[in-house]
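Everything on this sheet refers to the single structure shown next.
For reference, positions follow the sequence shown, starting with 1. The structure presented is a predicted model; accordingly, all values stated were derived computationally and were not measured.
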Amino acid sequence: VRSTSMNDVSSRSHAIFQIVFTQTQMTERDGGTFKLERVSKISLVDLAGSERSGQINAARGERLKEGNVINKSLSTLGKVINSLADKRSVHVPYRDSVLTWL
């Protein structure tokens with residue numbers, strides 16, 4: 001993870017932290033014991049900022065590639081959100097990026 005000339009303390013990566021909560025309830029009915037589980041998952045996401053290639057430390061080599069990957073995943077996230085919002089959409093491109101696949 002590297003910084004950029006735009007911000008020397010900025011992270012150049014996405015971070016995803018997922019928490020899974022499981023609530024279990026045991027009930028007795030008709031002589032038997034039944035187990036009811038409710039599961040919730042919360043995803044906390046910190047996205048790397050999109051950057052113009054000219055702003056990524058003069059846009060050379062590995063950092064240019066990193067910037068392109070970041071921009072592609074953010075663009076794909078936008079496409080997924082638009083597809084979910086559009087009732088006529090028949091395909092949501094979740095698998096086009098690791099960020100949206102998770």
Side-chain angles (χ1 to χ4, degrees):
V1 179
R2 298 180 185 149
S3 63
T4 68
S5 58
M6 292 295 293
N7 184 347
D8 61 350
V9 295
S10 174
S11 168
R12 295 187 39 84
S13 63
H14 303 308
I16 300 173
F17 182 71
Q18 295 182 325
I19 304 168
V20 178
F21 296 97
T22 304
Q23 178 185 28
T24 305
Q25 180 180 2
M26 303 297 284
T27 49
E28 293 185 22
R29 186 183 316 153
D30 300 328
T33 303
F34 297 93
K35 180 176 164 181
L36 173 67
E37 280 191 352
R38 292 183 183 164
V39 179
S40 299
K41 181 167 79 170
I42 296 175
S43 298
L44 305 172
V45 180
D46 179 22
L47 300 174
S50 77
E51 299 171 346
R52 292 184 189 94
S53 61
Q55 296 173 330
I56 308 170
N57 297 319
R60 290 191 183 96
E62 198 63 32
R63 294 204 180 166
L64 177 61
K65 290 177 189 175
E66 288 174 2
N68 288 337
V69 170
I70 290 168
N71 289 344
K72 179 181 182 256
S73 64
L74 292 173
S75 175
T76 303
L77 178 61
K79 290 176 186 176
V80 168
I81 292 169
N82 287 334
S83 294
L84 290 171
D86 184 4
K87 302 293 183 197
R88 297 170 289 144
S89 179
V90 293
H91 173 70
V92 179
Y94 289 115
R95 294 185 181 209
D96 289 358
S97 167
V98 173
L99 174 67
T100 55
W101 185 71
L102 291 174

Report task. Could you tell me the separation between the OG1 atom of T27 and the NZ atom of K35, rounded to the nearest 0.5 Å? Result -> 12.0 Å
Query raised in the report: Is F21 reachable from L36 through a run of I, L, V, M, F, W or Y residues, each pair having side-chain heavy atoms under 4.5 Å apart?
Result: no
Requested in this report: Applying salt bridge (Lys or Arg N to Asp or Glu O under 4.0 Å), name anything that partners R88, two or more places apart in sequence or on another chain.
Outcome: D86
Query raised in the report: Which atom pair, heavy atoms only, marks the closest approach of S83 to H91?
Result: OG-O, 3.6 Å
Query raised in the report: Atom CD of E37 and atom CD of Q23: how far apart are they, to the nearest 0.5 Å?
Result: 10.0 Å
Query raised in the report: What is the distance from atom OG of S40 to atom CD1 of I19, rounded to the nearest 0.5 Å?
Result: 11.5 Å
Report summary line: Residues at least two apart in sequence or cross-chain that pass salt bridge (Lys or Arg N to Asp or Glu O under 4.0 Å) with K87, listed by chain then number, are none
Query raised in the report: Can you tell which of V80, I81, N82 makes a side-chain contact (heavy atoms from CB on, under 4.5 Å) with L84?
Result: V80
Requested in this report: Name all residues meeting the side-chain contact (heavy atoms from CB on, under 4.5 Å) criterion together with K79; count only those two or more places apart in sequence or in a different chain, and write none if there are none.
Outcome: S75, P93
